[in-house]
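What follows is one structure encoded as structure tokens, with my remarks underneath.
Source: prediction; values computed, not measured.
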Amino acid sequence: YYNKLSPNQAMAVLQLVNQPTFQEVLSLFHSRLEQSRDRLEGAKNEEELRIEQGRIKEIRFLLELEHTARAVQKAVQNPK
């Protein structure tokens with residue numbers, strides 16, 4: 001988790017999480033994830049399959065940003 005975000009990026013993500021519209025953005029990401037899952041199930045060939053797999057991977061990354069940012073913040077505050 002830690003290597004996906006720099007400490008500055010983590011701080012920026014956590015600032016966004018506190019914005020009132022952040023839940024709307026999460027809702028949009030969840031909707032896009034469901035659409036991509038549907039397209040993945042209906043993929044007609046290898047290329048469509050790979051495209052949807054990549055799209056799903058990126059959406060999951062976005063949905064995990066808050067968790068990742070908190071992990072980075074914790075690692076910075078409590079170095080080993």
Closest approach of E48 to G42 (non-hydrogen atoms, all atoms of both residues): OE1-O, 4.3 Å
Spacing of CG belonging to L40 relative to CZ belonging to R50, to within rounding of 0.5 Å: 9.5 Å
Summary of salt bridge (charged side-chain N to carboxylate O under 4.0 Å, His left out) pairs that have at least one residue in residues 20-38, sequence neighbours excluded: E34-R37
Heavy-atom closest pair, residues L65 and V13: O-CG1, 3.8 Å
Shortest non-hydrogen contact from N18 toward L14: ND2-O, 3.1 Å
F22 versus L16, closest heavy-atom pair with distance: CB-O, 3.4 Å
Results of side-chain hydrogen bond (donor to acceptor under 3.5 Å, both in side chains) for R60 - residues two or more places apart only: none
By side-chain hydrogen bond (donor to acceptor under 3.5 Å, both in side chains) - contacts of R70 (at least two apart): E66
Results of side-chain contact (heavy atoms from CB on, under 4.5 Å) for V76 - residues two or more places apart only: P7, V72
Spatial distance of atom CG (L26) from atom CG (L33) [nearest 0.5 Å]: 12.0 Å
Considering all heavy atoms, the nearest A10-L5 contact: CA-CD1, 4.2 Å
Partner residues of E41 under the side-chain hydrogen bond (donor to acceptor under 3.5 Å, both in side chains) criterion, sequence neighbours left out: none
Under the side-chain hydrogen bond (donor to acceptor under 3.5 Å, both in side chains) test, residues paired with E58 that sit two or more places apart: none
Residue from E47, K57, Q35, R39 passing side chain to side chain contact (heavy atoms under 4.5 Å, CB included) with E52: R39
Transitive ILVMFWY side-chain link L28 to L63, under 4.5 Å: no
Steps toward side chain to side chain contact (heavy atoms under 4.5 Å, CB included) verdict (L62, V25): CA-CA 10 Å; L62 293 170; V25 172; over 6 Å; no
